[in-house]
K.L.:
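First the structure, then my questions, so here it is.
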Amino acid sequence: MLTDLSEYKGGGTYFRCLRKTIKLRLGQVLVHPGELYHKGIDITTGIRQLLICFLDGFDPQIMDKSDPKNDRTEYEKNVMVY
């Protein structure tokens, strides 16, 4: 994360399998398998800057069994800051 939490509102990465949105502090990195359903949450005010990197070449054998029919908008508001 390249931006301090005080510089924007909203944001984060929602993971359906966790039913949580993860927000990072300045300087932190989030690494996860692309197979997990995830999406960015809208920024409501301010500007968030981040660096995104994709790695390929390994198969973590992780299957995302989360079901979109069990998804709820309120789960996106279940925010964890690490």
K.L.:
Looking at CD1 of Ile62 and SG of Cys17, how far apart are the two atoms once the value is rounded to the nearest 0.5 Å?
P.N.:
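Answer rounded to 0.5 Å: 9.0 Å.
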
K.L.:
Quick check on side chain to side chain contact (heavy atoms under 4.5 Å, CB included): which of Ile43, Leu5, Asp4 does Arg48 satisfy it with?
P.N.:
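Among the candidates, only Ile43 passes.
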
K.L.:
Under 4.5 Å between side-chain heavy atoms, hopping through other hydrophobics if needed: is there a path connecting Tyr8 to Leu2?
P.N.:
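As far as the 4.5 Å side-chain criterion goes, Leu2 and Tyr8 are not connected within one cluster.
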
K.L.:
Do Pro68 and Arg16 have side chains that get closer than 4.5 Å, going by heavy atoms?
P.N.:
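They are in side-chain contact.
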
K.L.:
Are Val81 and Leu30 connected in the hydrophobic side-chain network, where two residues link if heavy atoms are under 4.5 Å apart?
P.N.:
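As far as the 4.5 Å side-chain criterion goes, Leu30 and Val81 are connected within one cluster.
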
K.L.:
When Ile, Leu, Val, Met, Phe, Trp and Tyr are grouped by side-chain heavy atoms lying under 4.5 Å apart, directly or through other members, which residues fall in the same group as Met63?
P.N.:
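None; Met63 is a cluster of one.
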
K.L.:
Without hydrogens or angle criteria, can the side chains of Tyr37 and Asp67 be said to hold a donor-acceptor pair below 3.5 Å?
P.N.:
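Side-chain D/A pair, Tyr37 to Asp67: absent.
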
K.L.:
Do Asp42 side-chain atoms and Thr44 backbone N/O form a donor-acceptor pair below 3.5 Å?
P.N.:
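A pair under 3.5 Å: no.
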
K.L.:
Between Thr3 (side chain only) and Gln49 (backbone N and O only), is there a donor and an acceptor less than 3.5 Å apart?
P.N.:
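Yes, Thr3 side chain to Gln49 backbone: donor-acceptor pair under 3.5 Å.
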
K.L.:
Go through it in stages, so that I can follow the logic: the residues are Tyr14 and His38, the test is ring-ring contact (aromatic ring centres under 6.0 Å, His included), and I'd like the CA-CA distance, side-chain angles, deciding distance and then a yes or no.
P.N.:
CA-CA 5 Å; Tyr14 172 72; His38 61 285; over 10 Å; no

K.L.:
Following the transitive rule for hydrophobic clusters with a side-chain heavy-atom cut-off under 4.5 Å over Ile, Leu, Val, Met, Phe, Trp and Tyr, establish whether Phe15 and Met80 coincide in one cluster.
P.N.:
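Per the 4.5 Å side-chain linkage, Phe15 and Met80 are co-clustered.
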
K.L.:
Atom CD of Glu35 and atom CD of Gln61: how far apart are they, to the nearest 0.5 Å?
P.N.:
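One gets 9.0 Å once the value is rounded to the nearest 0.5 Å.
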
K.L.:
Given 3.5 Å as the limit, does a donor-acceptor pair link the side chain of Lys23 with the main chain of Gly10, or not?
P.N.:
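Confirmed, Lys23 side chain pairs with Gly10 backbone.
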
K.L.:
List the atom of Lys69, the atom of Arg72, and the distance in Å for their closest heavy-atom pair.
P.N.:
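So the two residues come closest at O-NH1, 3.2 Å.
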
K.L.:
Any salt bridge linking Glu76 with Arg19? Criterion: basic side-chain nitrogen under 4.0 Å from a carboxylate oxygen.
P.N.:
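Salt bridge: no.
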
K.L.:
Do Val79 and Leu26 belong to the same hydrophobic cluster, where Ile, Leu, Val, Met, Phe, Trp and Tyr are linked whenever their side-chain heavy atoms lie under 4.5 Å apart, directly or via other members?
P.N.:
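No; Leu26 is not reachable from Val79 via cluster members.
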
K.L.:
When rounded to the nearest 0.5 angstrom, what distance separates CE in Met1 from CD in Glu7?
P.N.:
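Taking CE in Met1 and CD in Glu7, the distance rounds to 10.5 Å.
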
K.L.:
Identify whether Ile41 and Leu36 are in the same connected component of the hydrophobic contact network (ILVMFWY, side-chain heavy atoms under 4.5 Å).
P.N.:
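Different hydrophobic clusters.
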
